[in-house]
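What follows is a set of notes on a single structure, which appears directly below.
The sequence lines fix the lettering, A, B, ..., with proteins before strands; numbering per chain opens at 1.
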Amino acid sequence: MRDVSSVTRSTPVATRPRPKTPSSAAGPLKRYRSSVGRKVVMAVTGAILFLFVITHMLGDLKAFLGREDFNHYSYWLRSVGAPALPHRVFLSSLEAGLVVAVILHIWAAVSLARQARRARPVRYAARPKVHENGYATYVMRYGGVVILLFVIWHLLDLTFGAVNPKGENATPYDKVIADFDPARWYITLFYIVAVILVGLHLRHGLFSAVQTLGWGRQGRYPAIRLVADVTAALVVLGFVAVPVGVTIGVLK
Amino acid sequence: MKLTLKIWRQQNTADKGRMVSYELDDVSPDMSFLEMLDILNERLILEDEDPVAFDHDCREGICGMCSLVIDGTPHGPEKATTTCQLHMRKFKDGDVITIEPWRARAFPVIKDLVVDRTAFDRIIQAGGYISAPTGSAPEAAAIPVPKDDANDAFDAATCIGCGACVAACPNASAMLFTAAKITHLGLLPQGQPERYDRVTAMVDQMDAEGFGGCTNTGECTAVCPKGIPLETISRLNADLLKAYRG
């Protein structure tokens with residue numbers, strides 16, 4: 001006979017979940033700890049980082065205007081506001097802002113990824129089919145980790161010069177030329193792979209930010225996706241141009 | 001048709017559960033997916049075995065009771081269709097079909113393929129209602145509703161609360177379900193008084209239930225038997241932002 005008593009209620013009334021602190025009672029900043037609130041933090045910090053990526057790319061492309069232009073631009077970044085502002089104050093303030101944005105972006109990502117992991121303790125036996133854009137979740141999470149590692153390498157390389165063949169005292173242009181020498185093809189390859197991951201991150205990130213900030217509507221989605229795709233492609237091309245330009249000898 | 005079914009069997013919530021294979025002959029292509037399972041269960045009962053427990057009620061595609069992740073897809077391969085309206089002609093003779101319950105911490109398995117979806121009820125209890133004064137019904141034309149708003153509200157209101165969105169989501173998020181309710185009530189004049197309290201309370205409850213967060217991949221909309229659109233989630237986000245900013 002079938003054992004009916006073995007069918008138990010899974011959630012006794014007494015242990016039913018209640019929100020710890022309702023958002024309505026939480027402080028103006030603590031509200032953003034809800035799952036949607038953390039996505040808003042992710043979207044806003046992501047937008048700040050996106051603006052940085054665009055200006056960084058435009059700055060890089062100055063390499064094609066020649067050694068003098070590139071080095072002068074680099075010097076200008078460090079002397080903005082002189083003599084009113086001491087050397088590097090403007091740039092360091094921007095960098096401090098970017099560090100805060102990166103930390104908040106990663107905090108939101110890690111806590112949401114952990115929440116997602118907890119939310120499905122038993123996985124599907126049949127490999128879950130991707131019906132729409134489900135792979136984006138993996139591109140963002142694992143790709144994001146690779147991008148972080150790349151940024152650390154990139155700072156050690158071209159900002160601090162610690163892992164650059166020319167060391168820290170060379171001019172920015174010389175450091176770039178030495179970096180992507182054909183003999184160091186593996187470094188160039190690493191940069192290209194990282195930049196493609198940044199592009200894929202932006203492709204979903206731009207769309208997702210628009211959706212998270214509440215501007216997504218059925219009629220607008222094709223345009224939003226198109227803008228996100230084209231922007232991501234331009235960012236990849238813009239960043240790949242300099243390393244490839246050095247490797248094939250257009251820049252020397 | 002001859003089929004091999006790999007079905008998740010789990011005695012109760014505490015049981016670990018496992019996949020069990022069953023061979024089934026003489027399946028008619030005209031059977032619905034649930035009728036095919038009925039045939040299997042009749043055989044299991046005759047063999048004095050425990051029949052496979054699965055949820056179902058109206059079998060007309062409108063009640064939201066039937067579930068089942070079929071070969072990794074909630075409600076099976078046919079788009080905008082519940083499992084009860086899926087027919088065996090969508091499968092081929094000799095197919096191996098994997099059948100699993102919705103997988104989410106907030107939807108614990110009660111038995112086999114039946115999961116406890118009362119988490120959805122508690123999200124509704126948190127704010128998915130309007131305050132309607134008692135008394136005689138108001139004159140229908142007294143509160144005009146723009147046609148576009150009425151259309152979008154009605155599209156959202158077609159949600160049957162089956163939970164396929166949660167089952168398909170890579171994060172086991174309940175955003176599409178919650179957003180359908182927020183959109184449905186938030187677009188109509190009757191839903192305005194509680195609009196911003198509703199969205200904070202429902203999102204808080206959603207988080208407390210242990211669902212994951214939304215990553216805007218759209219997996220939910222691809223499997224939704226009622227075709228609830230992705231824009232409902234953006235409407236929820238917009239309302240929540242407004243509520244948070246005060």
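Rounding to the nearest 0.5 Å gives a distance of 6.0 Å between CD of B/E231 and CZ of A/R217. Rounding to the nearest 0.5 Å places CG of B/D204 at 13.5 Å from CZ of A/R33. Taken from CD in A/Q211 to CG in B/N237, the straight-line distance is 6.0 Å, to the nearest 0.5 Å. Taking OH of A/Y124 as the reference point, atom CH2 of B/W102 lies at 7.0 Å (rounded to 0.5 Å). Atom-to-atom distance recorded for A/Q218:CD and B/L230:CG is 6.5 Å, nearest 0.5 angstrom. Rounding to the nearest 0.5 Å gives a distance of 11.5 Å between NE2 of A/H131 and SG of B/C220.
With a 4.5 Å cut-off on non-hydrogen atoms, A/L213 touches chain B through its backbone and its side chain both. Residue contact with chain A, scored on non-hydrogen atoms closer than 4.5 Å, is absent for B/V115. In this structure, chain A has a heavy atom under 4.5 Å from the side chain of B/L240, while its backbone stays farther away. Only the side chain of B/L236 comes within less than 4.5 Å of a heavy atom in chain A; its backbone stays farther off. Only the backbone of A/V210 comes within contact range of chain B, with heavy atoms under 4.5 Å apart. Using a 4.5 Å cut-off between heavy atoms, A/R114 makes no contact with chain B at all. No part of A/Y135 comes within reach of chain B, as not one of its non-hydrogen atoms sits under 4.5 angstrom from that chain.
When each of A/R123, A/M140, A/R127 is scored by its heavy-atom pairs under 4.5 Å with chain B, the top score falls to A/R123. Chain A forms the most heavy-atom pairs under 4.5 Å with one residue out of B/G246, B/P74, B/C169, B/G17, and that residue is B/C169. With chain A as the partner, the residue from B/A168, B/A201, B/A167 showing the most heavy-atom pairs under 4.5 Å is B/A167. Contacts with chain A were tallied for B/A238, B/A53, B/G213, B/G212; B/G212 has the most, counting heavy-atom pairs under 4.5 Å. Most heavy-atom pairs under 4.5 Å with chain A: of the set B/M19, B/K6, B/Q205, B/M175, this distinction falls to B/Q205. Heavy-atom pairs under 4.5 Å with chain B peak, among A/A136, A/A113, A/A125, at A/A125.
Under the 3.5 Å distance criterion, with hydrogens and angles disregarded, a donor-acceptor pair is assigned to the side chains of B/D207 and A/S35.
Pairing each heavy atom of B/A208 with each of A/P17, the nearest pair is O-CB, 3.2 Å. B/R103 approaches A/R120 most closely through the heavy-atom pair O-NE, 2.7 Å. Counting all heavy atoms, side chain and backbone alike, A/G216 lies closest to B/S234 at N-OG, 2.7 Å. Nearest heavy-atom pair across A/A119 and B/A172 is O-CB, 3.6 Å. Pairing each heavy atom of A/A126 with each of B/G72, the nearest pair is CB-N, 3.5 Å.
Residues of residues 37-51 of chain A placed with any heavy atom under 4.5 Å of a heavy atom in chain B are listed by number as A/G37, A/K39, A/V40.
Considering A/N133, A/T212, A/T137 in turn, A/T212 is the only one that fulfils the side chain to side chain donor-acceptor pair (under 3.5 Å) rule with B/N216.
The main-chain N or O of A/G134 is never found under 3.5 Å from a side-chain atom of B/T217 such that the two would form a donor-acceptor pair. For B/E219 (side chain) and A/V130 (main-chain N/O), no donor-acceptor pair under 3.5 Å exists by modelled atom type.
Within a 6.0 Å sphere centred on CH2 of A/W215, heavy atoms belonging to other residues, nucleotides or ligands number 12 at most.
Counting heavy atoms from C-beta on, the side chains of A/R141 and B/T215 come closer than 4.5 Å. Considering only heavy atoms from C-beta on, B/Y244 stays 4.5 Å or farther from A/P28 through its side chain. Under the 4.5 Å side-chain criterion, counting only non-hydrogen atoms from C-beta, A/S34 is not in contact with B/M206.
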